[in-house]
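Naming: A, B, ... by sequence-line order, numbering from 1 per chain.
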Number of protein chains: 2
Amino acid sequence: MKTIQRLDPLYPTCPIRNIIDRISDKWSLLILSTLNQNGIMRYKELNNAIPDISQKMLSCTLKRLEANKLINRKMYAEIPPRVEYSLTETGQKLMPAIGMMVEWALEHYDEITK
Amino acid sequence: MKTIQRLDPLYPTCPIRNIIDRISDKWSLLILSTLNQNGIMRYKELNNAIPDISQKMLSCTLKRLEANKLINRKMYAEIPPRVEYSLTETGQKLMPAIGMMVEWALEHYDEITK
DNA sequence: CTGAATCCATTCAGATACTG
DNA sequence: CAGTATCTGAATGGATTCAG
């Protein structure tokens, strides 16, 4: 069972590493989970749901998630402005994997932190 | 269906966030995957398998993974020294979740990067 | 061989103030 | 309301050298 080098995570050129890098920052997984739980959310709602994120990091992370096609951004031309965020289909498909990590984290929390 | 605040990922005190933070750095997932594929590995073997990691980051990341009980470190009192790393049982249990992320990454690579 | 120690550049991330 | 701009300190990560 040979491994194709292009797809081997151990090689720097591997697309898997390329992708993992895009979501392994401090806030991405948390924002994705939040949107998964709540569906469509506005900027302010996200900020309320994640009280300890700064406006700057929220903006930056949302922008990157959008550029990576994991979330949708819909802006309404109203005053005051309204912007709604939601998971794309691609983003939704990632959630089961994240869910497994969360379960694992819950199960092993005591052991890891003690 | 109430959420218990202590376990709600949206709260800074949540253990899940605490744990995710420990493995969402640049190299941890990659090292865990490597050990999962190859079983027991020496320091140099890990370095060869992940050619673009620096010695410093390899050392640091291994040390942290060990402190978090995700890998075992076994040192032999020989000259030259030999040190072997392997997944703990806790580390092994995380692998299915990582595997799902890898599959997802493969499936959506073109879409995300284009 | 398996690191530890040091130095340095880059990036990250928070606080604050401001805008349409 | 939904951001942007700017400043600053902290953290990350690479290169290199040294040690047991």
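Inter-axis angle, ends of the helix from dC1(C)-dG20(D) to dG20(C)-dC1(D), five pairs per end, rounded to 10 degrees: 50°.
Rounded to whole angstrom, the span from the CD1 atom of I53(A) across to the P atom of dA2(D) amounts to 15 Å. Atom CG in L46(B) sits roughly 10 Å away from atom P in dT2(C) (whole-Å rounding). Rounded to a whole Å, the CD atom of E84(A) is 15 Å from the P atom of dC1(D). Distance, D21(B) CG to dA13(C) C1': 13 Å, rounded to whole Å. Between the P atom of dC1(D) and the CE atom of M41(A) lies a distance of 14 Å, rounded to the nearest Å. Per the geometry, CG belonging to N47(A) stands 12 Å off P belonging to dG14(C), to the nearest Å. Straight-line distance from the CG atom of D25(B) to the C1' atom of dT11(C): 15 Å, rounded to whole Å. Here dC1(C) presents its P atom at 9 Å from CG of N48(B), a figure rounded to the nearest Å.
You'll find that the side chain of K63(B) is closest to dA4(C), out of dA4(C), dG20(D), dC1(D). Side chain of Q55(A), nearest nucleotide from dT2(C), dG20(C), dA17(C): dA17(C). Across dT2(C), dG3(D), dG13(D), the shortest atom-to-atom separation from the side chain of M57(B) is found for dG13(D). Distance from the side chain of K26(A) is smallest to dA13(C) among dG3(D), dA13(C), dG14(D).
Cluster membership for L106(B) and M95(B), using ILVMFWY side-chain heavy atoms within less than 4.5 angstrom, is shared. Cluster membership for M100(B) and L94(B), using ILVMFWY side-chain heavy atoms within less than 4.5 angstrom, is not shared.
When side chains are defined from C-beta on, D52(B) counts as touching R17(A), because their heavy atoms get closer than 4.5 Å. The closest side-chain heavy-atom distance from Y85(A) to I31(A) is not below 4.5 Å. Between S28(B) and R64(B), the closest side-chain pair of non-hydrogen atoms falls below 4.5 Å. At a threshold of 4.5 Å between non-hydrogen side-chain atoms, the residues I40(B) and K74(B) do not count as touching. At a threshold of 4.5 Å between non-hydrogen side-chain atoms, the residues L62(A) and Y43(A) count as touching.
The side chain of Y43(A) places no N or O atom within less than 4.0 Å of a non-bridging phosphate oxygen (OP1 or OP2) of dT4(D). Under 4.0 angstrom from either OP1 or OP2 of dC1(D) there lies no side-chain N or O belonging to R42(A). Taking side-chain N and O atoms only, R73(A) has a distance below 4.0 Å to OP1 or OP2 of dG3(D).
Contact annotation for S59(B): backbone-only contact, meaning every heavy-atom pair under 4.0 Å involves sugar-phosphate atoms and none involves a base. The residue K56(B) sits close to a base: some heavy atom pair falls under 4.0 Å. At a threshold of 4.0 angstrom between heavy atoms, the contacts of Y76(A) with the nucleic acid are absent.
Of all heavy-atom pairs spanning E84(B) and R42(B), the tightest one is CG-CG, 4.2 Å.
Residue P81(A) is the one, among P81(A) and C60(A), whose nearest nucleotide of DNA chain D lies closer to the 5' end (criterion: closest heavy atom).
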